[in-house]
Amino acid sequence: MKLAVVGHVEWVDFVVVGRLPRAGEILHAESAHEEPAGGGGMAAYALRSLTGRCAFYCAVGDDARAQRTVARLGEAGIDVRAGVHAGREQRRVITYLTTGEGDGDGDGDRTITVLGPRLVPHGDDAVDWAALASFDGVFLTAGDAAAVRAARGAKVLVATPRARDPLIAAGVSVDVLVGSAGDPGEAIDDALVAATRPRWIVQTEGAAGGSWRAADGTTGRWDAVALPGAPVDDYGCGDAFAAALTAALARGDDLPAACALGARVGAALLCERAPVVGELSAYW
């Protein structure tokens, strides 16, 4: 089975703290590490770990950090198909991961500061977009309208509403729109639904599980699953859920089974320190 992510990747400095800093204070981090991540990157990590392979169509800058991004993704076993955007620096992100220790709260929450404009794959990037027509499933997190149209060549296309504008401009249908019910950035509005004509809309609700509704009016829910360990942080859990959902639908699972797999994978990521996804193949 051939699976891909079409989306964005960022170089992320992860800073682990007991709580977020207050204005004017000096806060000592418990630890820090850096790796390529972002929504598309986390989905690609999850798909590779879950199924053994993943192609990642993305865009990078032309600086040293961009080169490190491609190298590190490749070392993680991801088939990177990156368009290099000349004259652009690789986007960098600082992510605080809070442990809730001391006088802090927000155990496991991630807080993100973005440095630089977003880099997304374009249909005129020098990558083999036509190859996506041979893929069984694609999860799309970002791209221009031409990239969306190329992604639609796959048997199954799952997309996040964060890519709202290019999805509307592309004028193609999707199989699933998937996002967090509690995140305003992932709101699914009438214009997006009218433009993409999804077979299903899937919305995650964290510890409450989530819900889905089909184009024919049927609806359903799933429950959150027991965590396989102690919770660590929630970075990338939603992207991993969507990646697993994509893989399951591409395999031929029905939607409730696909959501159940997504819930297990999302729970597994909650127990890892981002951007580690752990070994997910047992769920597959």
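A quick note: this is a predicted structure, and the numbers were derived from the prediction, not measured.
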Practice prompt. List the steps, then state whether side chain to side chain contact (heavy atoms under 4.5 Å, CB included) holds for D136 with V156.
Written response: CA-CA 6 Å; D136 300 289; V156 171; over 6 Å; no
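- Here L269 contributes atom CG and Y45 contributes atom OH; the two are 11.5 Å apart, rounded to the nearest 0.5 Å.
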Discussion item. Applying side chain to side chain contact (heavy atoms under 4.5 Å, CB included) to R199 and L255, what does each step give before you reach the verdict?
Written reply: CA-CA 10 Å; R199 295 176 63 192; L255 188 71; over 6 Å; no
Item to complete: Under the side chain to side chain contact (heavy atoms under 4.5 Å, CB included) rule, what do V84 and V70 come out as? Steps first, then yes or no, please.
Response: CA-CA 10 Å; V84 177; V70 173; over 6 Å; no
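- Considering every non-hydrogen atom in both V12 and A37, the closest pair reads CG2-CB, 3.7 Å.
- Considering only heavy atoms from C-beta on, E89 stays 4.5 Å or farther from L115 through its side chain.
- Connection of V174 to I188 is established within a shared hydrophobic cluster, with ILVMFWY side chains joined at heavy-atom distances below 4.5 Å, either directly or through further cluster members.
- In this structure, CG on D144 lies 7.0 Å from CG on D124, to the nearest 0.5 angstrom.
- Residues W212 and T218 meet the side-chain proximity criterion, which asks for heavy atoms closer than 4.5 Å.
- Across all non-hydrogen atoms, the minimal contact from A151 to V138 is CB-CG1, 3.9 Å.
- D13 places no side-chain N or O within donor-acceptor distance of the main-chain N or O of E34, the cut-off being under 3.5 Å.
- Residues F14 and S31 are not in side-chain contact: their nearest non-hydrogen atoms beyond the backbone lie 4.5 Å or more apart.
- Counting only distance, with no hydrogens or angles, the side chain of D183 and the backbone of G185 share a donor-acceptor pair below 3.5 Å.
- Between R197 and S173 the shortest heavy-atom distance is NH2-N, 3.3 Å.
- F56 and V265 fall within the same hydrophobic cluster, where Ile, Leu, Val, Met, Phe, Trp and Tyr residues are linked whenever their side-chain heavy atoms come under 4.5 Å apart, directly or through other members.
- Using cut-offs of 30° and 60° for the angle between ring planes, the Y57 and F135 rings count as perpendicular.
- Using a distance-only test at 3.5 Å, with no hydrogens or angles considered, a donor-acceptor pair links the side chain of Y235 to the main chain of G38.
- Note that CG of D175 and OG1 of T196 are 10.5 Å apart. Values are rounded to the nearest 0.5 Å.
- With hydrogens and angles ignored, the 3.5 Å screen pairs a side-chain donor or acceptor of S49 with a backbone N or O of L280.
- Across every non-hydrogen atom of L245 and C259, the tightest pair is CD1-N, 3.9 Å.
- Checked options L157, V158, L3, V176; the residue passing with F139 is V158 (criterion: side-chain contact (heavy atoms from CB on, under 4.5 Å)).
- Hydrophobic clustering keeps V172 apart from V5 (ILVMFWY residues linked when any side-chain heavy atoms are closer than 4.5 Å, directly or through intermediates).
- Residues V225 and Y283 do not share a hydrophobic cluster, clusters being chains of Ile/Leu/Val/Met/Phe/Trp/Tyr side chains in contact below 4.5 Å.
- With rounding to the nearest 0.5 angstrom, the CD1 atom of I201 is 8.0 Å from the CG atom of L192.
- Within the model, atoms NZ of K2 and OG1 of T51 stand 13.0 Å from one another, a figure rounded to the nearest 0.5 Å.
- No donor-acceptor distance shorter than 3.5 angstrom exists from the side chain of Q90 to the backbone of R92, with no hydrogens or angles considered.
- Put simply, the side chain of R110 never gets that close to the backbone of D234: no donor and acceptor are under 3.5 Å apart.
- Contact check for P121 versus R81: no side-chain heavy atoms found under the 4.5 Å cut-off.
- Scanning all heavy atoms of the two residues, the minimum distance from A243 to L47 falls at O-CD2, 3.4 Å.
- Panel note: side chain R152, backbone A154; a donor-acceptor pair is recorded below 3.5 Å.
- Side-chain contact between V60 and Q67 is absent, with no heavy atoms from C-beta onward closer than 4.5 Å.
- For the pair R251 and W284, the cation-pi test (distance below 6.0 Å, angle within 45°) is passed.
- Checked by atom type and distance alone, the side chain of W129 pairs as donor or acceptor with a backbone atom of H122 at under 3.5 Å.
- No chain of hydrophobic side-chain contacts below 4.5 Å, direct or via other Ile, Leu, Val, Met, Phe, Trp or Tyr residues, connects L249 to L177.
- A side-chain contact (heavy atoms from CB on, under 4.5 Å) with L50 holds for exactly one of V277, L261, T246; it is L261.
- With a 6.0 Å radius and a threshold of 12 heavy atoms from other residues, nucleotides or ligands, E35 has its CD atom above the threshold.
- When atom types are taken as modelled, the side chain of R48 and the backbone of C54 share no donor-acceptor pair closer than 3.5 angstrom.
- Salt bridge D62/R88: absent, no basic N to carboxylate O contact under 4.0 Å.
- Within the 4.5 Å cutoff, no side-chain heavy atoms of Q203 are placed close to those of E186.
- Checked options R118, R162, R91; the residue passing with H8 is R118 (criterion: side-chain hydrogen bond (donor to acceptor under 3.5 Å, both in side chains)).
- Counting heavy-atom neighbours within 6.0 Å of D128 CG, excluding the residue itself, gives a total above 12.
- Between T98 atom OG1 and E30 atom CD the span is 9.5 Å, to the nearest 0.5 Å.
- For H33 (side chain) and A274 (main-chain N/O), a donor-acceptor pair under 3.5 Å exists by modelled atom type.
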Fill in: I78 and R72: CA distance, side-chain angles, deciding distance, side chain to side chain contact (heavy atoms under 4.5 Å, CB included) verdict
CA-CA 9 Å; I78 297 167; R72 291 294 292 159; over 6 Å; no
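- Contact detail for G278 and E272: the closest heavy-atom pair is CA-OE2, 3.5 Å.
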